[in-house]
2 protein chains.
Amino acid sequence: MLTIGTLSKKTGTKVQTIRYYEQIGLMPEPGRSEGGQRRYDNAQLDRLSFIRHSRQLGFSLDAIRELLDLSDHPNRPCDEADAIARRQLKQVEQRMARLKALRTELKRMVHECSGGRTADCRVLEVLRDHSECLTEHDEIGA
Amino acid sequence: MLTIGTLSKKTGTKVQTIRYYEQIGLMPEPGRSEGGQRRYDNAQLDRLSFIRHSRQLGFSLDAIRELLDLSDHPNRPCDEADAIARRQLKQVEQRMARLKALRTELKRMVHECSGGRTADCRVLEVLRDHSECLTEHDEIGA
DNA sequence: CTTGAACCTCTAGCTGCTAGAGGATTTATA
DNA sequence: TATAAATCCTCTAGCAGCTAGAGGTTCAAG
């Protein structure tokens with residue numbers, strides 16, 4: 001029987017986060033001690049590890065919900081899990097492409113800054129005038 | 001005199017977002033029409049463009065606040081603006097490195113999935129067992 | 001039996017918007 | 001000048017995915 005603190009340490013998840021996962025139904029309600037404290041077993045430890053690992057790979061909580069559901073039904077075809085992973089891969093690739101464009105632009109800004117007064121600062125100038133940008137970077141928060 | 005809708009179209013910013021920027025003090029309170037509607041001038045248009053462009057380059061609203069402040073004081077040294085941009089560049093590079101590791105792992109997962117039952121799904125297996133990962137990817141939400 | 005660490009619930013906060021309700025104003029046309 | 005459509009207003013609440021803190025209880029060691 002594991003306390004929430006132990007689970008926290010074993011998975012590198014904050015205690016509050018574990019309770020949050022329970023609240024949104026991602027983790028099942030665990031058993032309780034006589035005094036009302038949460039007590040976990042190994043299955044729940046595995047589940048939390050799965051969740052955390054998926055989060056580390058960038059999957060959304062919704063995607064993880066689906067993946068967990070699939071994982072609970074061993075006889076279903078795995079196309080769906082595959083599709084979710086492919087979607088995630090695509091997203092990662094899109095984000096990388098975007099960051100690459102940003103990096104180019106930022107490098108250029110920083111590189112051109114000669115360190116005088118802000119009046120002549122290339123960084124600020126570029127920010128003021130989009131047309132100075134050589135690369136495309138048109139979506140916010142992608 | 002520009003209405004908020006015009007500003008919205010010219011900068012590609014949602015009307016609510018413009019009001020939000022005003023609320024958090026990023027945009028100044030504009031003048032008003034007799035009936036109480038917001039009316040903007042070109043200086044404010046420029047300011048909003050600056051904000052938007054900075055957002056597109058990934059700067060946080062706090063960073064933008066600093067950049068705007070620097071931009072308003074042409075005689076200050078521009079080290080600070082430079083530092084902010086360098087910080088941003090560093091962040092972008094870190095995120096890229098992280099995404100690269102994720103991509104590798106996701107590719108491997110997807111590649112190895114042979115399309116059978118979920119019981120044998122490599123995607124789910126890898127998620128279950130971190131030790132199967134070849135690359136490091138230890139921070140969440142970076 | 002006492003102490004202190006870990007637990008409990010509950011509420012509110014973070015970033016950066018976005019959406020909708022319910023109503024007022026502006027503008028174009030008839 | 002009247003009216004209708006488009007735009008504007010304020011206010012509140014919601015999204016993801018946690019995180020922090022208040023104020024109080026339980027547990028395990030000594």
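Proteins get letters first, then strands, A, B, ... in listed order; numbering begins at 1 in each.
Spacing between atom CD of A:Q23 and atom P of C:dT11 amounts to 11 Å, rounded to whole angstrom units. A straight line from CD1 of B:I64 to P of C:dT15 spans 13 Å, rounded to a whole angstrom. Taking atom OH of B:Y20 as the reference point, atom C1' of D:dA13 lies 15 Å away to the nearest angstrom. When the C1' atom of C:dA6 is taken as reference, atom CG of A:L2 falls 15 Å away, rounded to whole Å. For the pair B:I4 CD1 and D:dT7 C1', the interatomic distance rounds to 11 Å; values are reported in whole Å. To the nearest angstrom, C1' of C:dC7 lies 7 Å from CZ of A:R19. Rounded to a whole Å, the CE atom of B:M1 is 21 Å from the P atom of D:dT7. If you take CD1 of B:I24 and P of C:dG16, they are 8 Å apart, rounded to a whole angstrom.
For B:F59 and B:Q16, each mapped to the nucleotide of DNA chain C holding its nearest heavy atom, the one lying further toward the 5' end belongs to B:F59.
Nearest to the side-chain atoms of B:V15 among the listed nucleotides D:dG21, D:dC8, D:dC18 stands D:dC8. In this structure, of D:dT7, C:dC7, C:dA19, it is D:dT7 that holds the atom nearest to the side chain of B:K9.
Taking side-chain N and O atoms only, A:R32 has a distance below 4.0 Å to OP1 or OP2 of C:dT9. In terms of phosphate contacts, B:T17 brings a side-chain nitrogen or oxygen within less than 4.0 Å of OP1 or OP2 of C:dT18. Side-chain N/O atoms of A:Y21 include one lying less than 4.0 angstrom from OP1 or OP2 on D:dC18. Within the 4.0 Å cut-off from OP1 or OP2 of C:dA19, at least one side-chain nitrogen or oxygen of B:K14 is found. OP1 or OP2 of D:dT7 has not a single side-chain nitrogen or oxygen of B:T3 nearer than 4.0 Å.
Side chain to side chain, A:Q91 and A:R87 fail the donor-acceptor criterion of an N or O pair below 3.5 Å. Judged by distance alone, the side chains of B:Y21 and B:R52 do bring a donor and an acceptor atom under 3.5 Å apart.
Near DNA chain D, defined here as any heavy-atom distance below 4.0 Å, the residues from residues 33-40 of chain B are B:G36, B:Q37, B:R38, listed numerically.
Taking OG1 from A:T17 and CD1 from A:I51, the interatomic distance works out to 11.0 Å, rounded to the nearest 0.5 Å. In this structure, CG in A:L61 is found 5.0 Å from CD1 in A:I24, a value given to the nearest 0.5 Å.
Across all strands, B:R65 comes closer than 4.0 Å to no nucleic acid atom at all (heavy-atom distances).
The only option from A:M109, A:E112, A:H111 that meets the side chain to side chain contact (heavy atoms under 4.5 Å, CB included) definition with A:R122 turns out to be A:E112.
In this structure, A:E125 does not pair ionically with A:R128, as no charged nitrogen and carboxylate oxygen lie closer than 4.0 Å. Between A:R86 and A:D82 there is a salt bridge, since a side-chain N of the basic residue sits under 4.0 Å from a carboxylate O of the acidic one.
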